[in-house]
Amino acid sequence: MGKGRVVLLVDNRKRDLLGAALIAHHLQRLGIACFLEPLEAYRAVLAAHKPALVLFNHLLASHLVHYSKRLHKMGVLTAVLPNEALLYNREVLRFNAGRFHNEAHIDHYFCWHEALKGALLETGFNESTTRISVVGVPRFDYYYPPWSQLFERLPEPAAGKQRILFCTNFALVRFSTLPKSAADQFFAAWAPRIAAYKDYWGCIQSVRQRREAISAYFLALAETGRYEVIIRPHPGEDAGFYRAWLDTLPANLRSSMRVDAKSTISQLIMASAVTVAVETCTTTLESW
């Protein structure tokens, strides 16, 4: 395989592409050729790019575990950089640290924080075979110069108003309108092993109810006339739900609210006076 060639697999381009692009930029300045590809193309990248290393966002599925071993036999290095690490539940933390998949071959593991590194060592990873580094969250560099200067500044709110950013996180709601088999398949790896996910259908219904209730908060802020409210749906959510709700409101209230699913999260946070992160979301940490 090609020396100095790296493939970065991108899971969700809305959420993960910016961070991957910044990593690629730094590596290319070091003379390392980088290729950004969708996660689904993980098999095709071998023939397409002949990489020396492939970076995954996780190796927590049996087929990926087997694939990591195959890459090792072929002389291709494997690395993991998670795209989510707010793992408050102890069982969820250990699952994501490979409690049930610690036989994967991982040459380099890049953690967002020390808690994940500790869990990796607890679940059987050995630093003599897997180099574990705590690197933080790559896209957070966009909040500091020079990278913060890349973004076009959003227009200021109307005179006398402050901008409040609501980051919603109700992606699981989509399963409430799909056949139950879709949720069964999605939670198949977690439900038998993590107590919090055993009643996953109840969890889905609860998330749907909370999404329906959130509009009252948007409305209360708009009715004061003091705020501009930006609703930023999670990349896995249907932004159309919020747009349809806005269309039911009188024009004077609609003028104080909008849905923004296109601007980068960095742009929105830097342009807002307050960020409200609904449910558990990395945007809480980013805003802080």
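Remember, predicted model here, so these are calculated numbers, not experimental data.
- Side chain of Thr130 to main chain of Ile106: a donor-acceptor pair is present (N/O by atom type, distance under 3.5 Å, no hydrogens or angles).
- Under the 4.5 Å side-chain heavy-atom criterion for Ile, Leu, Val, Met, Phe, Trp and Tyr, Val135 and Leu53 are members of the same hydrophobic cluster.
- Of all the heavy atoms in Lys161 and Ser256, the pair that sits closest is NZ-OG, 3.1 Å.
- Between the CE atom of Met257 and the CD atom of Glu228 there is a distance of 11.0 Å, given to the nearest 0.5 Å.
- When side chains are defined from C-beta on, Arg211 does not count as touching Thr168, because their heavy atoms never get closer than 4.5 Å.
- The aromatic rings of His101 and Phe95 sit perpendicular, their planes meeting at an angle over 60°, well past the 30° parallel limit.
- Nearest approach of Trp147 to Phe151, heavy atoms of both residues: O-CE1, 3.9 Å.
- Using the six-membered ring where Trp is involved, Tyr67 and Tyr42 have ring planes that are perpendicular, over 60° apart on the 30 and 60° scheme.
- Relative ring orientation between Trp112 and Phe140 is described as tilted, the plane-to-plane angle lying within the 30° to 60° band.
- Within 6.0 Å of CZ on Arg131 lie no more than 12 heavy atoms contributed by other residues, nucleotides or ligands.
- Residues Leu120 and Cys111 approach most closely at CD1-SG, 3.6 Å, considering heavy atoms.
- Under the 4.5 Å side-chain contact rule for hydrophobic residues, Leu172 and Leu87 share a cluster.
- When side chains are defined from C-beta on, Tyr200 counts as touching Asp184, because their heavy atoms get closer than 4.5 Å.
- Looking at Leu116, Asn57, Val137 one by one, the single match for side chain to side chain contact (heavy atoms under 4.5 Å, CB included) with Pro82 turns out to be Leu116.
- For Arg258, the CZ atom is densely surrounded, since the number of other residues' heavy atoms within 6.0 Å is greater than 12.
- For CD of Glu223, the number of neighbouring non-hydrogen atoms (other residues, nucleotides, ligands) closer than 6.0 Å is greater than 12.
- Distance check: Ser181 OG to Phe186 CZ gives 14.0 Å after rounding to the nearest 0.5 Å.
- A donor atom on one side chain and an acceptor atom on the other are not found under 3.5 Å apart for Glu279 and His234.
- With rounding to the nearest 0.5 angstrom, the NZ atom of Lys73 is 10.5 Å from the OG atom of Ser68.
- Taking every heavy atom of both residues into account, Leu246 and Arg254 meet most closely at O-CD, 2.8 Å.
- Side-chain contact between Val274 and Gln162 is absent, with no heavy atoms from C-beta onward closer than 4.5 Å.
- Heavy atoms from other residues, nucleotides or ligands lying under 6.0 Å from CZ of Arg226 number 12 at most.
- For the atom pair OG1 of Thr78 and CG of Leu64, the computed distance is 11.0 Å after rounding to the nearest 0.5 Å.
- Ion pairing of Arg99 with Glu91 is absent here, as no side-chain N (NZ or NE/NH1/NH2) approaches a carboxylate O to less than 4.0 Å.
- The local environment of NE2 in His113 is crowded, with over 12 non-hydrogen atoms from other residues, nucleotides or ligands closer than 6.0 Å.
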Item to check | Test log, rule side chain to side chain contact (heavy atoms under 4.5 Å, CB included), inputs Leu71 and Phe56 | outcome: CA-CA 12 Å; Leu71 291 176; Phe56 296 82; 4.1 Å; yes

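- Ring geometry for Tyr242 against Phe218 counts as perpendicular: the plane angle is over 60°, on a 0 to 90° scale with 30° as the lower cut.
- Checking side-chain atoms of Thr275 against main-chain N and O of Ile269 turns up no donor-acceptor pair under 3.5 Å.
- Clustering ILVMFWY residues whenever any of their side-chain heavy atoms sit less than 4.5 angstrom apart, transitively, puts Leu121 in the very cluster that holds Phe100.
- Between Arg90 and Glu122 there is a salt bridge, with a side-chain nitrogen of the basic residue lying less than 4.0 Å from a carboxylate oxygen of the acidic one.
- For the residue pair Phe187 and Pro192, the shortest heavy atom distance occurs at O-CD, 4.2 Å.
- Within the 4.5 Å cutoff, the side chain of Val6 has no heavy atoms near those of the Pro51 side chain.
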Checklist entry - How far apart are the C-alpha atoms of Arg70 and Arg43, what are their side-chain angles, what is the distance that settles it, and do they pass the side chain to side chain contact (heavy atoms under 4.5 Å, CB included) test? => result CA-CA 11 Å; Arg70 180 186 168 202; Arg43 293 184 184 276; 4.2 Å; yes

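- Ring pair Trp190/Tyr197 is tilted by interplanar angle, where 30° to 60° counts as tilted.
- Within a 6.0 Å sphere centred on OH of Tyr143, heavy atoms belonging to other residues, nucleotides or ligands number more than 12.
- Within the 4.5 Å cutoff, side-chain heavy atoms of Asp260 are placed close to those of Lys262.
- Between the side chain of Asn169 and the backbone N or O of Val278 there is no donor-acceptor pair closer than 3.5 Å.
- Side-chain contact check for Leu249 versus Trp245: some heavy-atom pair is nearer than 4.5 Å.
- Shown here is Glu103, whose CD atom has more than 12 heavy atoms of other residues, nucleotides or ligands within 6.0 Å.
- Under the 4.5 Å side-chain heavy-atom criterion for grouping Ile, Leu, Val, Met, Phe, Trp and Tyr, Val134 is not connected to Val80 through any hydrophobic cluster.
- Checked by atom type and distance alone, the side chain of Thr123 pairs as donor or acceptor with a backbone atom of Ala97 at under 3.5 Å.
- Atom OG1 of Thr283 and atom CZ of Arg15 lie 12.0 Å apart (nearest 0.5 Å).
- Nearest heavy-atom pair, Ala277 versus Thr284, reported as atom, atom and distance to 0.1 Å: CB-OG1, 3.1 Å.
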Next on the checklist: Working note: Leu46 + Val76, criterion side chain to side chain contact (heavy atoms under 4.5 Å, CB included); need CA distance, chi angles, decisive distance, verdict.
Outcome noted: CA-CA 9 Å; Leu46 286 181; Val76 179; 4.2 Å; yes

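- With Leu9 as reference, Val54 is the one residue of Leu55, Leu36, Val54, Asp16 to meet the side chain to side chain contact (heavy atoms under 4.5 Å, CB included) rule.
- Using a distance-only test at 3.5 Å, with no hydrogens or angles considered, no donor-acceptor pair links the side chain of Arg232 to the main chain of Leu165.
- Leu154 is listed as a side-chain neighbour of Arg163, based on a closest heavy-atom distance under 4.5 Å.
- Atom OG1 of Thr129 is separated from atom NE2 of His72 by 9.5 Å, given to the nearest 0.5 angstrom.
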Item to check | From CA spacing to verdict: side chain to side chain contact (heavy atoms under 4.5 Å, CB included), Leu221, Phe166 | outcome: CA-CA 11 Å; Leu221 287 168; Phe166 265 84; 3.4 Å; yes

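- A salt bridge links Lys117 to Glu127: at least one charged side-chain nitrogen sits closer than 4.0 Å to a carboxylate oxygen.
- When hydrophobic clusters are built by joining Ile, Leu, Val, Met, Phe, Trp and Tyr residues whose side-chain heavy atoms come closer than 4.5 Å, directly or via intermediates, Ile265 is not grouped with Leu86.
- Here the side chains of Leu22 and Pro138 are not in contact, with every heavy-atom distance at 4.5 Å or above.
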